[in-house]
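We're numbering straight along the sequence, starting at 1. No hydrogens, no waters, no symmetry mates; every other heavy atom, side chains included, goes into these values.
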Amino acid sequence: MKYFPFAAILLVLGAPSLHAADAAAGKEKAMVCAACHGVEGKAMIPGYPHLAGQSAQYTAKQLKAFRDGSRSDPLMAPLAKALSDADIENLAAWYASLSP
């Protein structure tokens, strides 16, 4: 029986991004997000979710869903469409680094 290299298995199973997330870059990118989600990821507007302390995987998944249209929101979709994979990973790292 042949064994696949570990890297091949990770690719097949959906490995985490090979891009090292940069929370500082995410903080800079989050300036636009702050209008609705708060400067430190704690929304001041009722109905808007707090992002501080969310897991990076969850936040990245939701942003990608807005970007690809599998999740719909008239405010989030156009913003997410402008994000690269690196932007999403950085934003997710930033919000995960904050205290909930």
Less than 4.5 Å apart, side chain to side chain, heavy atoms only: is that true for Arg71 and Lys61?
no
Rounded to the nearest 0.5 Å, the CG atom of Leu51 sits from the CG atom of Leu63 at a distance of 8.0 Å
Give, for atom CE of Met76 and atom CZ of Arg67, the distance between the pair rounded to the nearest 0.5 Å.
11.5 Å
Hey, are the side chains of Thr59 and Leu91 touching, using non-hydrogen atoms and a 4.5 Å cut-off?
no
Scanning both residues in full, the closest heavy-atom pair of Cys36 with Ala43 reads O-CB, 3.5 Å
What distance separates Glu40 CD from Ser99 OG, expressed to the nearest 0.5 Å?
9.5 Å
Looking only at heavy atoms, the pair that brings Gln54 and His50 closest together is NE2-O, 3.8 Å
Do you know which two heavy atoms are closest between Ala93 and Ala56, and how far apart they sit?
N-CB, 4.3 Å
Would you please test Lys29 and Asn90 for side chain to side chain contact (heavy atoms under 4.5 Å, CB included) and show each step?
CA-CA 8 Å; Lys29 195 67 148 173; Asn90 294 342; over 6 Å; no
Reported OH-to-CG distance for the pair Tyr48 and Leu75, which is rounded to 0.5 angstrom
5.0 Å
Do the side chain of His37 and the main chain of Pro49 share a donor and acceptor less than 3.5 angstrom apart?
yes
Would a 4.5 Å heavy-atom cut-off, applied to side chains only, mark Trp94 and Leu98 as touching?
yes
Check ion pair Asp22-Lys27 (N to O, under 4.0 angstrom):
no
Are Tyr95 and Leu83 linked, directly or through intermediate hydrophobic residues, by side-chain heavy-atom contacts shorter than 4.5 Å (ILVMFWY only)?
yes
Does atom NZ of Lys81 have more than 12 heavy-atom neighbours, drawn from other residues, nucleotides or ligands, at distances under 6.0 Å?
yes
